[in-house]
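Below you'll find the structure, written out as structure tokens, and then a few comments.
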Amino acid sequence: MTKITLGCEPAVGSLAPSKKRDYRVTNRLQEGKRPIYAVVFNFIDSRYYNVFATVGGNRVTVYQCLEGGVIAVLQSYIDEDKDESFYTVSWACDADGTPLLVAGGINGIIRVIDAGNEKIHKSFVGHGDSVNEIRTQALRPSLVLSASKDESVRLWNVQTGICILIFAGAGGHRNEVLSVDFHPSDIYRIASCGMDNTVKIWSMKEFWTYVERSFTWEELPSQFPTKYVQFPVLIASIHTNYVDCIRWLGDFILSKVNDCLIQSVDNEFILWEPKMKEQSPGEGTVDILQKYPVPECDIWFIKLSCDFHYNTAAIGLYNSGNREGKIFVWELQTSPPSLIARLSHVQSKSPIRQTAMSFDGSTILSCCEDGTIWRWDTVATS
Amino acid sequence: MPGISLVARETTYSRGSDQMCRHEARVQLSPEEQTAAEESLSVYCKPVELYNILQRRAVRNPSFLQRCLHYKLQAKQKRRIQISVSISGATNDGPQTQSLFPLYILLARLVSTTNVETQCTAVYRFSRVCKLMVFGGDETSSSARAKFILPEMSKLSMEVKSGSLAVLLVRCADTTNLEGIDLTEDHMFSTSLSRVGYCSFGKIPIDLLHSSWQASPTLSLGGRAEMISTVIMQTCYMKLSCLDGGKCVSFHFPYNSEALSVLQQVPVIICAEEAGVKNMSPYDMYSYNDTPRPGIMRLRSGNVIFNYKYYNNMLQRTEVTEDFSCPFCLVKCASYKGLRFHLTSSHDLFHYEFWVTEDYQVVIVSMRTDVCNSEIIPDNVDPKQQMFFYCYKSARRRKPKCLTQNANHVHPLVLDSAMPANLTELIDNTDCVPECMERDTYSPDASATGHSFAEPESVQSVPGSNLGPPAMLQFAKTRKLSIERSDPRNRALLQKRQFFHSHRAQPMALEQVFAERDSEDEVDDDVADLEDRRMLDDFVDVSKDEKQMMHLWNSFVRKQRVLADGHIPWACEAFSKLHGPDLVQSPSLLWCWRLFMIKIWNHGLVESRTLNNCNMILEQYQTQYMIDPNLNPNPNPKPIPNPISNTITSDDR
């Protein structure tokens, strides 16, 4: 599918850190014994840019990053089901600006927590299996997408509790959906990827009336005419293995290849441009632009995090051979990609499941399988 | 209790140490305690009822295990006699007897005897031969004993009359020859070989054995009958052959054989015992070896006493079953061991203790506490919604007839007489608790059972409970009754759990669940329209207006369910009415529609009259549009109601 013509090879990032910025550990927090799978800053509401949330086990915790590396616990929520294991969390927002936390995990029930009033707002039932990722539409922060093991992606309105669209069916994913993301400017467009090795780009344009209706729906949520979106506008089979992370970078897509499953420890993120054919949906070509190597990482289901402007990205990587959890900080938008810093610590011995970059990229948080949260802050370099 | 209770009577028999089979007669109970005891006995009702249902279902289709059991039971009941033949070494008198071995023992049937002038020939047919190498003693090795199975005594007497069956002792004379004849080897009998040789031959006719066994007092009771018989061996000429696939041996005796042959006397011990009585418990031993003590009402060995514990195991009720029958499902379990396995595997709602003594085979039944707890209906639960119902019959309903309704294999056992009168009453009271179940279980035909429950007075309410008339034994009720109550029951079942919409996977509200509207097989028109448009988009040689026309028609046909050719005339007129206002505004679209109508007229799907009607409709809209282009007579077209019936009625062909 990908034909690379002469002179159009993708630019591969160098692994020599530019040291443009440097980070050092300013805090380390032991949240509990259970692994923490997700950490995310609140980019939805400018008042709470320094607030972040973590999920691990049946617990959702809200923290605040303070000056001098201090982390303050604000709230903690525990699901009454002890067997719940949250995999993902995302910040969303009510119509009146109340910050909401949307968390999902092994049970497949999406919990919407009203962090402003410290109570459960809604629970979304519908997914037939565990929820792997939840993302919020920054342009309409009441809309969230959930990617699930049940091979579907669903669009929810957290304000009214409506399942608006289900992206599944004839053209849908053929295995677990691992990651999903909203297009930053094109509100109709989303991308998803999963264990069927494909990346699918979907359009909600024809269904947008239903999205609008979901905001004004007065009746029972179960009576809403939920629609199935069966055919994506593009199916890209650029990877030969599980695709476990996908992010839009403008009109380009960053997706992660997992070569660790095929005896290699070198993974990479690739930045590519989807080229859709207007007349024939589903078909299209891709143009691979850049590659961001993720070397010596032999675990998967690791997600990348970016700062608000997608200038820098942080990715945690772990090698089970030398038991070393490292963080690579990439400058995303330069060509060729340049590695800013390679963060490691003698005590960082556990797989890093997710990182979170603060609004301006000055703080990086990482959450680990051993239940610790690490805070890295930039060091002023002369 | 499914079996029948023991009735306390005055008997002379009383044993203080008899723990197995005794009512706890010394427990003095106040009336309140009696009521409580009655209540506690009722915990047996529901499990027993369940087992009754299972049993009834198993009547038509018995489980594999029980069919096997039935076969085993029959096989076991087939009585046989096992004999073992050995040579007594007590009268060992030197080398002559030493050379007796190897001695072959055959259970053979005389096929034919021929008396020619010089010799007499006897042909015996047999299937199995045993080779004895040593004198018989206490050891049970196969080289010292030959074992055979004979039919039971009554069948054996038939054999005796024919006189053909006999136990033969054969010693091949030429023992030194290693290549000699070995009767145990099958290939010796092959026709090609036709082995011959001299041998010593002795015979014990079976009638001799039979008469001695008949005289034996122990054999019929399961004991051993041992007899020593001296067999005279005579020399003869032996020939092995094969007859109709069976092994045969023929002996030729010269008439002067007595003069010629060396006669040898062999003392033979023959032990006989009935097969199948080997596995005896102490209970069986007692019954066969001793005379029963006076006062013990000895029944047959298959009698098992069941003690049902209740009222915190303070009280027990007792019943007896025969033939190792299970008291719950009446399966005959062949042995006490079998009963034990059956009970623990098939009726695990109860807890069992098994006791075997010389006097009794007892099973102590008690409620399993865990099961018991879960089965009790809490106060706030409507038992009508439960699967099983509590049944209680008041004391005055008790009639002696339930005693006469017993199946044949359940008898009351007379037991401990030390029970005071009030306890007798108590037992009478408790006895009637499961009366309907008893009837249910032991009623010989199922229809009668069903009928007995249809009687209104046989179903009574629980005293002191607000349950209302309980629907006892739903399964036994008539169909009509179950339908009557099915609606609220179904409703309750629907209320119990969460339902999810089959399209949207969203939890449904209760009113949605109960609503008449069923959207399960509905086509999502919006999505179908979208897909239709997407499909039409792929056509490259079709103009935009044509695509629009196709889309309008496709979605109209789908929504109105235009399926048959006969629907087309109606569909054309309705389509013209529905889309006419839009069509007249776009002449190219109108042309497409007219072209399409001509096409279907070409195919013979519509008549010219329909075409005319459609054009009249369109003309009407056109004139309206000419008068006032802004006036849209049908701004928001609604789907035309009653599509199919219109097709038929409006068409007056």
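Per chain, numbering begins at 1; letters A, B, ... match sequence-line order.
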Minimum heavy-atom separation for B/Val527 to A/Tyr228, with atom names? CG2-O, 4.2 Å

Tell me the closest heavy-atom pair linking B/Leu530 and A/Glu206, and the distance in Å. CD1-CG, 3.0 Å

Does any backbone or side-chain atom of B/Gln498 lie under 4.5 Å from a heavy atom of chain A? Answer side chain, backbone, both or neither. neither

Could you give the distance from CD (B/Gln506) to CG (A/Leu220), rounded to the nearest 0.5 Å?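 Taking CD in B/Gln506 and CG in A/Leu220, the distance rounds to 11.5 Å.
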
Taking everything shown except B/His551 itself, do over 12 heavy atoms lie less than 6.0 Å from its NE2?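 More than 12 heavy atoms, drawn from other residues, nucleotides or ligands, come within 6.0 Å of this atom.
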
If you count the non-hydrogen atoms of other residues, nucleotides and ligands that lie under 6.0 Å from CH2 in B/Trp591, is the total more than 12?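 Result for CH2/B/Trp591: open.
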
Contact between [X] and [Y] at the side-chain level, heavy atoms closer than 4.5 Å - yes or no?
X        : Y        : value
A/Phe231 : B/Arg534 : yes
A/Gln230 : B/Glu531 : yes
B/Asp526 : A/Lys227 : yes
B/His501 : A/Ser222 : no

Proximity breakdown for A/Phe124 and chain B, heavy-atom pairs closer than 4.5 Å: neither

